[in-house]
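Presented below is the structure to which this report refers.
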Protein chains: 2
Amino acid sequence: MPKPTAPNLPSDAVVDAWIALNRAQQTAQLKIERALRDAQLPPCAWYDVLWELDRAGEAGLRPFEIERRRLIAQSNISRLVDRLAEAGYVERVPCQEDARGQRVVITPAGREMRKRMWPVYARAIGDAVGRRVLDPEAQMLATLLGKLT
Amino acid sequence: MPKPTAPNLPSDAVVDAWIALNRAQQTAQLKIERALRDAQLPPCAWYDVLWELDRAGEAGLRPFEIERRRLIAQSNISRLVDRLAEAGYVERVPCQEDARGQRVVITPAGREMRKRMWPVYARAIGDAVGRRVLDPEAQMLATLLGKLT
DNA sequence: TGGAGATATATGCGAGTGCATCTAGTTGTC
DNA sequence: GACAACTAGATGCACTCGCATATATCTCCA
């Protein structure tokens, strides 16, 4: 009979879930990151940001918006945008409604890079995740994992 | 009807699972790491290795064994052991059956630190995971995530 | 209106990471 | 038994991260 030892102390099932979560994420992440690197493409994080910016369109996004959507720490956003801008994939444009801020806008080169990355990224996700679970399992996973966020 | 576009290309459910996996892991990891830091304790990775070594007993483990159990890259193990040794929590002892290698053995101070970390670590797992899912859900999660490793 | 406090972003710093490479020792093969 | 191929572990390097802090701007209220 599973019985917590004290308030908030996790059951064995919860600890197991935490361990499995780490291992699974790490394993998948490693494979996917490697697939991109092997294809001479930028890392996963670049894709995610380019994707957000592509969806955002002309207006782009404020750095703090990217931060919230992607759960990246503020200082890391700042530098990730630096790198993306240096690579020519995004542009920082001044922001008239708030002089402290800026808008980050994707460039055509950025859009193209995102498109170029997708097949590789997708195949890697397929290999690392899709091949190992059935579709309904994947759905269940997404639902359960969603509760942790 | 969900139908893969091409061999190995992931369905939407799979992509969602991958995204949720990242977010969940990152969120939980961040909280747990912070809880340890706030309690002036070493990071999560130290706990994991100390735990393996504690279970391994007198004989300790070879670095490459730790590597396999914890999915840490070889070079990182090497340096993590450096740090643990410098902190006095483990000791490198020469390995007679293979002169290239060594055995990493936990010290009493290491055992004690592991014990000291556990309550904080456990509570953090409880907060980050246990509070958000029911026990059977955690079990299901562990099972599904296990398939990805 | 004049600050006080909040918010947006940048940056210095110390630490950890992955990759490539190096050294030393081991195993298998002829 | 000698040499090629392999394995264990260490290390230099470039890069990224998280944290703390700095700076500029904004908001709101006395």
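All values below were derived from every heavy atom in this structure, side-chain atoms included, with hydrogens, water molecules and symmetry-related copies excluded. Chain A is the first sequence line, chain B the second, and so forth, proteins listed ahead of strands; every chain is numbered from 1. Source: prediction; values computed, not measured.
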In whole angstrom, give the distance that lies between atom [atom1] of [X] and atom [atom2] of [N].
X       : N       : atom1 : atom2 : result
E86(A)  : dA14(D) : CD    : C1'   : 14 Å
L61(B)  : dA8(D)  : CG    : P     : 14 Å
L36(A)  : dC19(C) : CG    : P     : 13 Å
R62(A)  : dA24(D) : CZ    : P     : 17 Å
I66(A)  : dA10(C) : CD1   : P     : 11 Å
R103(A) : dA8(C)  : CZ    : C1'   : 13 Å
I77(B)  : dA10(D) : CD1   : P     : 10 Å
W46(A)  : dC17(D) : CH2   : P     : 11 Å

Taking the nucleotide of DNA chain C with the closest heavy atom to each, which residue, V81(A) or Q26(A), is nearer the 5' end?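 The residue closer to the strand's 5' end, by nearest nucleotide, is V81(A).
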On DNA chain C, nearest-nucleotide positions of E67(A) versus L30(A): which is more 5'?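 Its nearest nucleotide lies further toward 5', so the answer is E67(A).
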Can you tell me how far apart CZ (R116(A)) and CG (L50(A)) are? Round to the nearest 0.5 Å.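 R116(A) CZ to L50(A) CG: 12.0 Å, rounded to 0.5 Å.
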To the nearest 0.5 Å, what is the distance between OG1 (T27(B)) and CG (L71(A))?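 Going from OG1 on T27(B) over to CG on L71(A), the span is 5.0 Å.
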Which nucleotide in [options] has an atom nearest any side-chain atom of [X]:
X      : options                   : result
P63(A) : dA8(C), dT9(C), dA8(D)    : dT9(C)
F64(B) : dG9(D), dC19(C), dT9(C)   : dG9(D)
D98(B) : dT11(C), dT25(D), dA8(D)  : dA8(D)
R83(A) : dC19(D), dT11(C), dC17(D) : dC17(D)

Classify the side chain of [X] versus the base of [N] as yes if they form a donor-acceptor pair under 3.5 Å and no if they do not.
X       : N       : value
S75(A)  : dC17(D) : no
Q102(B) : dA8(D)  : no
R100(A) : dT9(C)  : no
Q74(B)  : dA8(D)  : no

Is there a donor-acceptor pair closer than 3.5 Å between any side-chain N or O of E33(A) and the backbone N or O of C44(A)?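 Yes, the answer is positive, given that a donor and an acceptor are paired below the 3.5 Å cut-off.
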Between R103(B) and A59(B), is there a donor-acceptor pair closer than 3.5 Å when you use the side chain of the first and the backbone of the second?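 Yes; judged by distance alone, with no hydrogens or angles, the pair exists.
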Looking at every strand, decide which applies to [X] at a 4.0 Å heavy-atom threshold: base, sugar-phosphate, or nothing.
X      : value
R79(A) : base
R37(B) : sugar-phosphate
R34(A) : sugar-phosphate

Checking side-chain polar atoms at under 3.5 Å, does W51(A) have a donor or acceptor matched by the opposite partner on Y121(A)?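 Note: W51(A) and Y121(A) side chains miss the donor-acceptor criterion.
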